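Presented below is the structure to which this report refers.
Residue numbering restarts at 1 for every chain, and letters A, B, ... go by the order of the sequence lines. If you're wondering where the values come from, they're calculated on a predicted model, not measured in any experiment.
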There are 2 protein chains.
Amino acid sequence: MAVKSTAQALHNRIAVLRTERGLSRAQLAEILGVNYQTVGYLERREYAPSLDLAMRISAYFELPIESVFSRTPFPPIRTALHRGRSEASA
Amino acid sequence: MAVKSTAQALHNRIAVLRTERGLSRAQLAEILGVNYQTVGYLERREYAPSLDLAMRISAYFELPIESVFSRTPFPPIRTALHRGRSEASA
DNA sequence: CATGGATGTCATACTTATACAACAAAAGAT
DNA sequence: ATCTTTTGTTGTATAAGTATGACATCCATG
């Protein structure tokens, strides 16, 4: 069957964190020891990772799991980079 | 097929945390919204929970995921309760 | 002892996570 | 414009997580 998700997948920051390191999905996949397609699935939120994989991912990025995965959408990085402004302008 | 785990399951502190709250598996299961057998499987480490379930569990116990689940065995609670002694005696 | 609650075990079924292959589309570099 | 890398898509296959039902065991307590 299709790999399409039925349940609402968890949100994650894998793509941003990976991009920040200048890694391709294939490179990150190799580091994590998973298939490169798996990273794609995770970033596209077609499914959530196993707890074990989630731990390897957050360990690699040196962040707590809750900073990489969340049941509720992540705020834009801007809010972490520049506090005191909520409205966007340019 | 059997539900027996092939891969080495993650360690967790669900049983202790649940016992501390004086909850039965059935009660915890209801709180978490899973089948009561599932809690048993997790405590017996017959398999690891999904990331989503792990998040619900750690949220309920008000602990970070890493404090409830670990790839390496947890030290005995004694070491958290009484620092300064590593060897057991009585 | 009998009853009940909590736990462990077994079997079956369904859903989800992961792997892998092949190909299309997008983006970058030359 | 071609070559290469990266990403998205589709399809198939296997493993792992979860639900359920049935039954056994252990322990407490009436």
Side-chain angles (χ1 to χ4, degrees), chain A residues 1-61 65-66 68-72 74 77, chain B residues 1-61 65-66 68-72 74 77:
Chain A
M1 297 304 178
V3 77
K4 284 291 146 194
S5 55
T6 45
Q8 66 298 0
L10 288 178
H11 301 260
N12 73 75
R13 290 213 229 242
I14 298 177
V16 254
L17 292 168
R18 173 177 65 79
T19 302
E20 188 182 34
R21 263 96 172 158
L23 296 174
S24 72
R25 288 182 183 167
Q27 291 173 318
L28 177 58
E30 189 177 21
I31 290 169
L32 298 173
V34 296
N35 192 276
Y36 83 99
Q37 313 257 40
T38 298
V39 177
Y41 285 130
L42 298 180
E43 292 191 356
R44 270 175 260 122
R45 298 177 50 211
E46 292 187 25
Y47 56 62
S50 67
L51 177 55
D52 185 79
L53 179 53
M55 288 185 133
R56 278 182 278 151
I57 294 171
S58 60
Y60 172 71
F61 290 122
I65 292 189
E66 289 86 351
V68 184
F69 301 93
S70 168
R71 334 267 301 301
T72 57
F74 283 104
I77 11 180
Chain B
M1 295 304 176
V3 77
K4 284 292 143 194
S5 54
T6 44
Q8 65 297 359
L10 289 177
H11 301 261
N12 73 76
R13 290 214 230 242
I14 298 178
V16 253
L17 292 168
R18 173 177 66 79
T19 303
E20 188 181 34
R21 263 92 171 162
L23 295 174
S24 72
R25 288 184 183 165
Q27 291 174 318
L28 177 59
E30 189 177 21
I31 290 169
L32 297 173
V34 296
N35 191 276
Y36 83 99
Q37 312 259 41
T38 298
V39 176
Y41 285 131
L42 299 180
E43 292 190 356
R44 267 175 264 121
R45 299 177 47 210
E46 292 188 23
Y47 56 61
S50 66
L51 177 55
D52 184 78
L53 179 53
M55 288 184 132
R56 279 182 277 150
I57 294 172
S58 60
Y60 172 69
F61 289 121
I65 292 188
E66 289 85 351
V68 184
F69 301 92
S70 169
R71 334 267 302 299
T72 57
F74 283 104
I77 11 178

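Atom C1' of nucleotide C:dT15 and atom CG of B:Asn35 are separated by 15 Å, given to the nearest angstrom. To the nearest angstrom, P of D:dT7 lies 10 Å from CG of A:Leu28. Atom OH of B:Tyr41 is separated from atom C1' of C:dC10 by 8 Å (rounded to the nearest Å). When rounded to the nearest whole Å, the span between CD of A:Gln37 and C1' of D:dT6 equals 12 Å. The interatomic distance linking B:Leu23 (CG) with C:dT7 (P) rounds to 10 Å, in whole Å. One can place OH of B:Tyr47 at 12 Å from C1' of C:dT15, the figure rounded to the nearest angstrom. Atom-to-atom, CD of B:Glu46 to C1' of D:dG17 comes out at 12 Å; the value is rounded to the nearest Å. Rounding to whole angstrom units, CG of residue B:Leu10 and P of D:dA16 are separated by 13 Å.
For D:dT18, one of the phosphate oxygens OP1 or OP2 lies less than 4.0 angstrom from a side-chain nitrogen or oxygen of B:Ser50. Residue B:Arg18 has no polar side-chain atom (N or O) positioned under 4.0 Å from OP1 or OP2 of C:dA6.
When each of B:Gln27 and B:Arg44 is assigned the nucleotide of DNA chain C with its nearest heavy atom, B:Gln27 is the one assigned upstream, toward the 5' end. Along DNA chain D, the nucleotide nearest to B:Tyr36 and the one nearest to B:Leu51 differ in position, and the one closer to the 5' end is contacted by B:Leu51.
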Could you list the donor-acceptor pairs under 3.5 angstrom formed between side-chain atoms of residues 12-22 of chain B and any protein atom two or more places apart in sequence or on another chain?
residue, atom, partner, partner atom, Å
B:Asn12, OD1, B:Ile14, N, 2.8
B:Asn12, ND2, B:Leu42, O, 3.0
B:Arg13, NH1, B:Pro75, O, 3.4
B:Arg18, NE, B:Glu43, OE2, 2.5
B:Arg18, NH1, B:Leu23, O, 2.7
B:Arg18, NH2, B:Glu43, OE1, 3.1
B:Arg18, NH2, B:Glu43, OE2, 3.3
B:Thr19, OG1, B:Ala15, O, 2.7

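Contact annotation for A:Glu43: no contact, since no heavy-atom pair falls under 4.0 Å across all strands. Using a 4.0 Å heavy-atom distance criterion, B:Ala26 is classed as making no nucleic acid contact.
Side chains of A:Leu53 and A:Thr38 form a contact here, defined as non-hydrogen atoms less than 4.5 Å apart. When side chains are defined from C-beta on, B:Phe69 does not count as touching B:Glu66, because their heavy atoms never get closer than 4.5 Å.
The two residues A:Ile65 and A:Met55 come nearest to each other via the heavy atoms CD1-CG, 3.5 Å.
In this structure, the nucleotide among C:dA6, C:dT9, D:dT18 sitting nearest to the side chain of B:Pro49 is D:dT18.
The CG atom of A:Asp52 sits 11.0 Å away from atom CG of B:Leu51, with the distance rounded to the nearest 0.5 Å.
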